[in-house]
Amino acid sequence: MAEGSGSRHRSLYKLLGSPPWKEAFRQGCLERMRNSRDRLLNKYRQAGGNMSGGAQNTFLVQEVMEEEWNALQSVESWPEALAQLEEPLDLAVLEEIQQELIDQEQSIISEYEKSLQFDEKCLSVMLAEWEANSLICPVCTKYNLRIASGVVMCQCGLYIPSHACDTWAVIL
């Protein structure tokens, strides 16, 4: 019987629609996450690109939710919205929004990692081409470029250190 009354409550709640603050909070959080892409990627890079721990290891979700919550509180109609809070239901909504943000954060990081892998493959192919077909130095246009110890160099003094060269040397 309790289950029936709970679903009846939910159906009544859905018929009336959710209070406007919930959707405003959700949309604000999602927008903040999209606009914080650079900040997210910088934090990810500072962490060394380590995503171990899954959803526990979020970089910006908590900050984004707090910033949006504070922004929502500064709106003049906030006291009215505060009166609409239903604690157990609202906690579920906040957890749902948090999971959406975590998913979006992981999607951004996954996209970034794929981009890095593509760049690394392209660079490796380019370096392999240099090794197979001599490439003339663009600075002096006299000598061929060489790759040694992770450095692209020329007899004229051109010296370009490259992390990808180390990777490429290991592949061979």
Side-chain angles (χ1 to χ4, degrees), residues 3 6-7 9-128 149-152 159-171:
E3 183 177 296
S7 62
H9 173 73
R10 257 182 277 149
S11 65
L12 286 174
Y13 180 75
K14 286 187 176 185
L15 287 175
L16 297 174
S18 62
W21 74 266
K22 289 181 184 178
E23 191 55 32
F25 181 67
R26 177 190 310 272
Q27 292 302 320
C29 285
L30 291 171
E31 187 65 27
R32 275 184 199 275
M33 183 61 80
R34 282 189 288 275
N35 292 337
S36 299
R37 183 175 168 29
D38 287 339
R39 195 169 53 156
L40 169 62
L41 294 177
N42 285 336
K43 285 190 174 209
Y44 177 72
R45 289 179 195 123
Q46 288 172 356
N50 187 3
M51 278 288 291
S52 63
Q56 305 298 336
N57 192 11
T58 60
F59 292 95
L60 278 184
V61 172
Q62 192 66 36
E63 284 179 44
V64 165
M65 289 183 78
E66 287 173 7
E67 288 170 5
E68 187 59 30
W69 188 258
N70 291 335
L72 192 62
Q73 285 178 333
S74 67
V75 175
E76 289 180 20
S77 62
W78 176 250
E80 297 167 16
L82 190 59
Q84 298 174 1
L85 287 174
E86 299 171 6
E87 187 125 358
L89 185 60
D90 294 335
L91 183 58
V93 169
L94 292 177
E95 287 173 352
E96 181 182 321
I97 292 170
Q98 182 180 26
Q99 188 57 49
E100 280 183 58
L101 292 173
I102 289 170
D103 292 345
Q104 186 173 13
E105 182 179 84
Q106 290 174 345
S107 171
I108 291 170
I109 289 172
S110 175
E111 178 185 322
Y112 173 71
E113 287 175 340
K114 287 177 186 175
S115 175
L116 281 179
Q117 289 172 354
F118 178 76
D119 289 349
E120 192 170 306
K121 285 179 185 176
C122 287
L123 188 56
S124 293
V125 167
M126 198 166 64
L127 291 173
S149 302
V151 176
V152 177
Y159 183 87
I160 305 171
S162 174
H163 168 69
C165 290
D166 294 333
T167 306
W168 179 71
V170 171
I171 293 172

Exercise. Are the side chains of C29 and M33 in touch, meaning some heavy atoms are under 4.5 Å apart?
Worked result: no
Problem set entry | Pairing residues for E67 by the side chain to side chain contact (heavy atoms under 4.5 Å, CB included) criterion, not counting sequence neighbours | R32, R39, E63
Seminar exercise, completed: dist I109:CD1 -> L40:CG (nearest 0.5 Å) comes out at 4.5 Å
For this session: Could you pull out all residues at least two apart from K121 that satisfy side chain to side chain contact (heavy atoms under 4.5 Å, CB included)?
Result: none
For this session: Could you tell me whether E23 and R26 make a salt bridge, using a distance below 4.0 angstrom between a side-chain N and a carboxylate O?
Result: yes
For this session: Check the pair N42 / Q46 against side-chain hydrogen bond (donor to acceptor under 3.5 Å, both in side chains), numbers first and verdict last.
Result: CA-CA 6 Å; N42 285 336; Q46 288 172 356; over 6 Å; no
Problem set entry | Rounded distance [0.5 Å steps], CH2 in W69 versus CG in L94 | 5.5 Å
Problem set entry | Test item: side-chain donor near acceptor, N70 and E66, under 3.5 Å | no
Exercise. What closest approach, in Å, do F25 and M65 show between heavy atoms, and which atom pair accounts for it?
Worked result: CE1-O, 3.6 Å
Exercise. Residues in side-chain hydrogen bond (donor to acceptor under 3.5 Å, both in side chains) with D119, at least two apart?
Worked result: none
Exercise. Going by heavy atoms in the side chains, are E100 and E96 under 4.5 Å from each other?
Worked result: yes
For this session: For S124 and E120, indicate whether the former's side chain and the latter's backbone hold a donor-acceptor pair under 3.5 Å.
Result: yes
For this session: Can you sort out the partners of L41 under side chain to side chain contact (heavy atoms under 4.5 Å, CB included), two or more places apart, ordered by chain and number?
Result: R37, R45, I108, Y112
For this session: State the CG-CD distance between L30 and E68, to the nearest 0.5 angstrom.
Result: 9.5 Å
Exercise. Of the options Q104, Q98, E105, which is the one that meets I102 in a side chain to side chain contact (heavy atoms under 4.5 Å, CB included)?
Worked result: Q98
Exercise. Which residues pass the salt bridge (charged side-chain N to carboxylate O under 4.0 Å, His left out) test with E31, sequence neighbours left out?
Worked result: R34
For this session: Indicate yes or no: at least one non-hydrogen side-chain atom of V151 is less than 4.5 angstrom from one of I160.
Result: no
